[in-house]
Amino acid sequence: VQLQASGGGLVQAGGSLRLSCAASGRTFSYYAMGWFRQTPGKEREFVAYTSWSGGSQNYADSVKGRFTISRDNAKNTAYLQMNSLKPEDTAVYYCAARRGGYGVRPQEYEYWGQGTLVTVSS
């Protein structure tokens with residue numbers, strides 16, 4: 001499956017952004033989806049997960065209550081709604097897909113989008 005992330009940009013602290021991850025090539029609903037983020041010099045870190053059906057979600061503690069992951073299998077798209085953004089949320093955000101259940105490690109995901117930059121100014 002090919003993934004294309006979009007929706008990043010520059011936003012002030014306290015603002016919101018919605019990232020999208022469009023999938024193509026294989027049946028999107030076969031895959032659980034995750035969002036990760038990475039800043040220079042740091043490892044890629046887990047942000048959020050949704051199951052293949054969208055019926056189950058999990059979040060990193062740092063974003064819980066502020067970010068919401070969702071998906072629309074009819075549109076082959078996953079989303080990450082980010083509210084109450086903080087400067088420490090600044091990173092390149094990646095969407096990823098995996099066959100199977102819940103996963104928080106990047107190596108558990110088979111397919112990756114190209115990343116979209118989110119910059120939160122103070």
Side-chain angles (χ1 to χ4, degrees):
V1 61
Q2 291 80 46
L3 303 175
Q4 179 79 29
S6 63
L10 174 64
V11 63
Q12 288 188 331
S16 298
L17 280 176
R18 188 175 82 155
L19 305 183
S20 298
C21 179
S24 62
R26 295 197 179 188
T27 304
F28 179 62
S29 61
Y30 286 175
Y31 297 89
M33 296 297 296
W35 285 95
F36 291 77
R37 64 188 182 187
Q38 190 170 23
T39 54
K42 293 190 176 181
E43 294 187 353
R44 196 166 294 187
E45 67 170 354
F46 169 77
V47 174
Y49 159 90
T50 182
S51 60
W52 66 271
S53 67
S56 176
Q57 298 85 34
N58 291 90
Y59 299 92
D61 288 343
S62 59
V63 307
K64 204 170 292 183
R66 300 188 297 121
F67 290 12
T68 302
I69 188 171
S70 62
R71 66 189 296 158
D72 185 337
N73 286 344
K75 295 183 178 180
N76 293 340
T77 303
Y79 304 96
L80 185 68
Q81 177 67 44
M82 306 186 295
N83 298 329
S84 302
L85 282 161
K86 304 175 181 180
E88 51 264 44
D89 294 319
T90 295
V92 176
Y93 283 72
Y94 298 88
C95 58
R98 71 185 301 263
R99 297 293 296 266
Y102 180 45
V104 299
R105 297 181 302 163
Q107 54 265 46
E108 295 177 304
Y109 287 76
E110 301 154 57
Y111 303 98
W112 290 84
Q114 85 289 1
T116 184
L117 177 63
V118 172
T119 304
V120 184
S121 64
S122 57

Subject >> Taking every non-hydrogen atom, the tightest pair across Ser24 and Val1 >> reply: O-CG2, 3.2 Å
Subject >> Of Val118, Leu19, Val63, Thr50, the residue whose pairing with Leu80 passes side chain to side chain contact (heavy atoms under 4.5 Å, CB included) >> reply: Leu19
**OP:** State yes or no: do Val47 and Leu85 share one hydrophobic cluster built from I, L, V, M, F, W and Y residues joined by side-chain heavy-atom distances below 4.5 Å, directly or via other members?
**Re:** yes
Original post:
Above 12 or not: heavy atoms from other molecules or residues under 6.0 Å from CD of Glu43?
Top reply: no
Subject >> Under-4.0 Å salt bridge between Asp61 and Lys64 >> reply: yes
**OP:** Identify the heavy atoms of Asp89 and Ser84 that sit nearest to each other, and give their distance.
**Re:** OD2-O, 4.4 Å
**OP:** If a pair satisfies salt bridge (Lys or Arg N to Asp or Glu O under 4.0 Å) and one of its residues is in residues 67-77, list it, with sequence neighbours excluded.
**Re:** none
**OP:** For Tyr109 and Gly103, work out which heavy atoms get closest and say how close.
**Re:** OH-O, 2.7 Å
**OP:** Considering non-hydrogen atoms only, spot the tightest contact between Thr77 and Ser20 and give its length.
**Re:** CG2-CB, 4.2 Å
**OP:** Can you establish whether the number of heavy atoms outside Tyr102 located under 6.0 Å from its atom OH is more than 12?
**Re:** yes
**OP:** Please name the pair of heavy atoms, one in Ile69 and one in Tyr59, separated by the smallest distance, quoted to 0.1 Å.
**Re:** N-OH, 2.9 Å
Subject >> Contacts of Gln38 that satisfy side chain to side chain donor-acceptor pair (under 3.5 Å) - sequence neighbours left out >> reply: Arg44
Original post:
For Phe36, which of Tyr49, Tyr93, Trp112 qualifies under ring pair (Phe, Tyr, Trp, His ring centres under 6.0 Å)?
Top reply: Trp112
**OP:** Sequence neighbours left out, what pairs pass salt bridge (Lys or Arg N to Asp or Glu O under 4.0 Å) with at least one residue falling in residues 108-122?
**Re:** Arg105-Glu108
Donor-acceptor pairs under 3.5 angstrom involving side-chain atoms of residues 4-18: please list them, not counting sequence neighbours.
unit_1	atom_1	unit_2	atom_2	d
Ser16	OG	Asn83	OD1	2.9

Original post:
Looking at Leu117 and Ala91, what are the two nearest heavy atoms and their distance?
Top reply: CD1-O, 3.6 Å
Original post:
What residue pairs, at least two apart or across chains, pass salt bridge (Lys or Arg N to Asp or Glu O under 4.0 Å) with a residue in residues 45-60?
Top reply: Arg37-Glu45
Original post:
Does Arg98 have any side chain to side chain donor-acceptor pair (under 3.5 Å) partners at least two apart in sequence or in another chain, and if so, which?
Top reply: none
Subject >> Residue of the set Met82, Gln81, Lys86 for which side chain to side chain contact (heavy atoms under 4.5 Å, CB included) holds with Arg66 >> reply: Lys86
Subject >> Ser53 side chain to Gly55 backbone, donor-acceptor under 3.5 Å >> reply: yes
